[in-house]
Amino acid sequence: MFADCQVTLRELRTEFMSVRVRFAPSPTGQVHIGNIRAAIFNWLFARHEGGSFLLRIEDTDLERSTPEAIATLLEVMEWLGLAFDEKPPLYQTSQVQKHLAAAERLLAAGDAYRDAKGGGGEAIVFRIPFAAERIPGVSSVGTVDVPVHPEIPVQVNGKGVDYAGISKKGTPAPGGCCLAGCLDLQVLDAAEQVLFTLAGKEDAILRDGAEFSVPGAAILRFTRRVISYHDEVKGDMSKPLDSMRDVVIVRSDGSPVFHLANVVDDITQGITHIIRGDDHVENTFRHIMLFSCLGAVVPTYAHLPMIVNAAGKPYSKRDGDAFVGDFRDNGFVADALFNYLSLLGWSPGDDREKMSRQELTAAFSLSRVLHASAQMDIQKLTNLNGQYIAEMPADEFLAVSRDWLKRYPWVSAVSDSQLQAVCALMQSRVKRFADLEQWSYFFVDVPEYDEKVCVKQLKDPAVRAALQAISALFAALPDFAAAGIESAIQAACDQAGLAHGKLNQPLRAAVTGSGVGAGIYETVELLGRERSLARLKIALERY
RNA sequence: GUCUCCAUCGUCUAGUGGCCUAGGACACCGGGUUUUCAUCCCGGCAACAGGGGUUCGACUCCCCUUGGAGAUGCCA
């Protein structure tokens, strides 16, 4: 009858402690899209839960973690609206003494040892506890036999058990595991005679450094233990201890390794939920042990699927288009990128796609995060971006456009009213602000003529004659506005015996140099009489 | 080699044993609106990796195969 009332420690904690999550990037110059997606999911989760979203800068790689790289990171986060709590962020380099102290504590407790393997001095190695039952989630699953190659002696010592498995070809395949992986170990020969028994020797090995070498072994028989945890995204996860090795936590040069630094910092920051990339799943089993041995409560984990490139492979440094800054530089809107990225590996469960931050925050849950990796689709992002731009209030679009246009030399002397008119005319067809590059014909004296389009549109003598006539009509127009322009063009069509509309494209080619654009009457009005006439003349001379 | 994880249209996804002759979105193709383009509207193409089981019934549960990703002590 108490079964219903039982709550786990974790449930208690989620009940009474507020959620604290962190984004912990290493600033290495550019901010990767997969990385920032992890930040977005953390942010969404924290905001949904009413918890805190912390930033930790893992700047221990001194060569790559430059002040510029950190500035880039902060800038990108601000651009995307990923505000973090508890400023300033925690810089990992400021925590090194704490990391080292933790290593010393583990050493003192017998949960770590010094080892010179690998050269250069002694590293500190975290030992997977032989009494592994003190780690939450560890359990025995029964006795197993592992065949080993008789040619290679089985080595048993404080660092673990080394042996050679048997490959498909029958040759020795070197392997090994931590000592804790082989509880109740017995080494048997081919006739199942016991050559070595671990029972009773644990203290000698662990405390006194005893070592054993057992030749002629054929079978390792031991009690298999697994470590399990519940992943909020992936479900129940587990891994046999005999597939794990002890973990280096301090390098032989005295610097803390990621595993140690990361766990210690998570303890320092009081992190309750670790939401990070899929590539850390394997580390989680070791980190859980570190948390426990350091006397901390193990946080809740959630592992996000990766984002892969168009070839379906993980993004490498060569995939230059995967940086947040590149999207910004190509005229993507922060909200659109945020929206798109939040939909990569997650969905609200209904057909909604264009969602505001409030909607995303309200709908977000880790349990709806997908398990499989997702591929970035720039076309879909572009489409979404176009929707965001289309729905921008006119004054905002104007402001962003004005700012964006600063990068083009041809807009040096543009009046606000002219720009405003161009924006009003063009907003609906902009998908990315980089498209504004096509606007040059509104601002320069002589547009870039698209050779193919102009030749095609201006080759008909009847059309050319009609355009000449239009010039005269334009010149005579009392008021140079769209309505009058339209009538003038139609009049020219009537004179030349052409159907209405037949002159629109040739005229467009002549005054803009392009085959596409907004309505031609409005475009001509915006260009103004002087420019329109001049361009008609130039185009007819050239083509 | 071993260990861990993953697998629905080209892409992002819905789907938690019967609502699925598998839904939506992007892309693509066709048609309509429009002075071109874009927008907008209508329509079309297109997927449960393969094979076994369990079940009255499987995209959904189990197993195997194949394919992919990650890990395998001093990268993070």
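Residue numbers start from 1 in every chain, and the chains themselves are labelled A, B, ... in the order their sequence lines are given, proteins ahead of strands.
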P-based separation of B:G18 from B:A58 [nearest Å]: 12 Å
Length of the CD-P vector between A:E486 and B:U34, whole Å: 13 Å
Sugar-phosphate, base or nothing in reach of A:E522, heavy atoms under 4.0 Å: base
Distance test, side-chain N/O of A:R56 to OP1/OP2 of B:A76, below 4.0 Å: no
Sugar-phosphate, base or nothing in reach of A:T382, heavy atoms under 4.0 Å: nothing
Ring-ring centroid check A:F397 A:F433, cutoff 6.0 Å: yes
Aromatic ring proximity, centroids under 6.0 angstrom, A:F126 and A:H287: no
Length of the CD-C1' vector between A:E282 and B:G73, whole Å: 13 Å
Sugar-phosphate, base or nothing in reach of A:A123, heavy atoms under 4.0 Å: base
Pairing of A:E104 and A:R114 as salt bridge, 4.0 angstrom limit: yes
Neighbour count above 12 (heavy atom, 6.0 Å) for A:K239 NZ: yes
Separation between the C1' atoms of B:A47 and B:C28, rounded to whole Å: 16 Å
Non-hydrogen side-chain atoms of A:P129 and A:I135 separated by less than 4.5 Å: yes
B:G24 base / A:D350 side chain donor-acceptor hit below 3.5 Å: no
Integer angstrom distance from the P of B:G68 to that of B:U8: 15 Å
Whole-Å gap separating P (B:A27) and CD (A:Q375): 16 Å
Sugar-phosphate, base or nothing in reach of A:V247, heavy atoms under 4.0 Å: nothing
Close side-chain approach of A:W439 to A:V430, heavy-atom, < 4.5 Å: yes
A:M237 side chain, from C-beta outward: closest of B:U4, B:U36, B:G70: B:U4
pi-stack flag for A:H280 and B:A76, centroid dist under 5.5 Å, interplanar under 30°: yes
Interatomic distance at C1', B:C37 relative to B:U21, whole Å: 39 Å
Side chain of A:K159 (C-beta onward), nearest among B:U35, B:G73, B:A38: B:G73
Side-chain N or O of A:R251 closer than 4.0 Å to phosphate OP1/OP2 of B:C75: yes
Nearest-nucleotide pick for A:L344, side chain only, options being B:A7, B:C12, B:G23: B:C12
Counter-base of B:C3, judged by Watson-Crick or G-U geometry with both distances under 3.5 Å: B:G70
Touch class at under 4.0 angstrom, heavy-atom based, for A:L343 against every strand present: sugar-phosphate
Whole-Å gap separating P (B:G24) and CH2 (A:W346): 20 Å
Nucleotide nearest A:D377 (side chain, heavy atoms from C-beta), chosen from B:C3, B:C26, B:G73: B:C26
Euclidean distance for C1', B:G15 against B:C20 (whole angstrom): 9 Å
Touch class at under 4.0 angstrom, heavy-atom based, for A:H259 against every strand present: base
Sugar-phosphate, base or nothing in reach of A:G519, heavy atoms under 4.0 Å: base
Distance test, side-chain N/O of A:N283 to OP1/OP2 of B:A76, below 4.0 Å: no
Span that lies between the C1' atom of B:A76 and that of B:A71, in whole angstrom: 13 Å
C1'-based separation of B:A46 from B:C29 [nearest Å]: 12 Å
Integer angstrom distance from the P of B:A14 to that of B:G23: 15 Å
Phosphate OP1/OP2 of B:C6 contacted by A:S373 side-chain N/O (<4.0 Å): no
Result of checking A:F338, A:F332, A:Y340 against A:F327 for ring pair (Phe, Tyr, Trp, His ring centres under 6.0 Å): A:F332
Euclidean distance, atom CG of residue A:L503 to atom P of B:U35 [Å, nearest integer]: 15 Å
Greater than 12 external heavy atoms within 6.0 Å of A:E391's CD: yes
Length of the line joining A:L290:CG and B:G73:C1', which is rounded to integer Å: 13 Å
For B:A46, the Watson-Crick or wobble partner whose two distances fall under 3.5 Å: none
Any donor-acceptor N/O pair under 3.5 Å between B:C5 base and A:K234 side chain: no
Touch class at under 4.0 angstrom, heavy-atom based, for A:G175 against every strand present: nothing
Nucleotide B:A27, atom P - distance to CG of A:L381 in whole Å: 12 Å
Sugar-phosphate only, base, or nothing, as touched by A:Y521 at under 4.0 Å among non-hydrogen atoms: base
Rounded distance [0.5 Å steps], CE in A:M289 versus CD1 in A:I128: 4.5 Å
Parallel, tilted or perpendicular, as decided by the 30° and 60° cut-offs, for the rings of A:F364 and A:W346: tilted
Base of B:A69 paired with side chain of A:D278 (donor-acceptor, under 3.5 Å): no
Per A:L370 side chain, nearest of listed nucleotides B:U72, B:U36, B:U13: B:U13
Sugar-phosphate only, base, or nothing, as touched by A:R508 at under 4.0 Å among non-hydrogen atoms: base
Closest-nucleotide 5' rank along RNA chain B - winner of A:P240 and A:D115: A:P240
Touch class at under 4.0 angstrom, heavy-atom based, for A:G386 against every strand present: nothing
Protein-nucleotide distance (A:M426, atom CE; B:A38, atom C1'), rounded to Å: 9 Å
N/O (side chain, A:R368) to phosphate O (OP1/OP2, B:A14) under 4.0 Å: yes
Residue mapping more 5' on RNA chain B - nearest nucleotide basis, A:R37 or A:A24: A:R37
Strand partner of B:C40, provided both Watson-Crick or wobble distances fall under 3.5 Å: B:G32
Sugar-phosphate only, base, or nothing, as touched by A:D242 at under 4.0 Å among non-hydrogen atoms: nothing
From B:C26, B:G70, B:U36, nucleotide with atom closest to A:R429 side chain: B:U36
Sugar-phosphate only, base, or nothing, as touched by A:A261 at under 4.0 Å among non-hydrogen atoms: nothing
Sugar-phosphate only, base, or nothing, as touched by A:Q505 at under 4.0 Å among non-hydrogen atoms: base
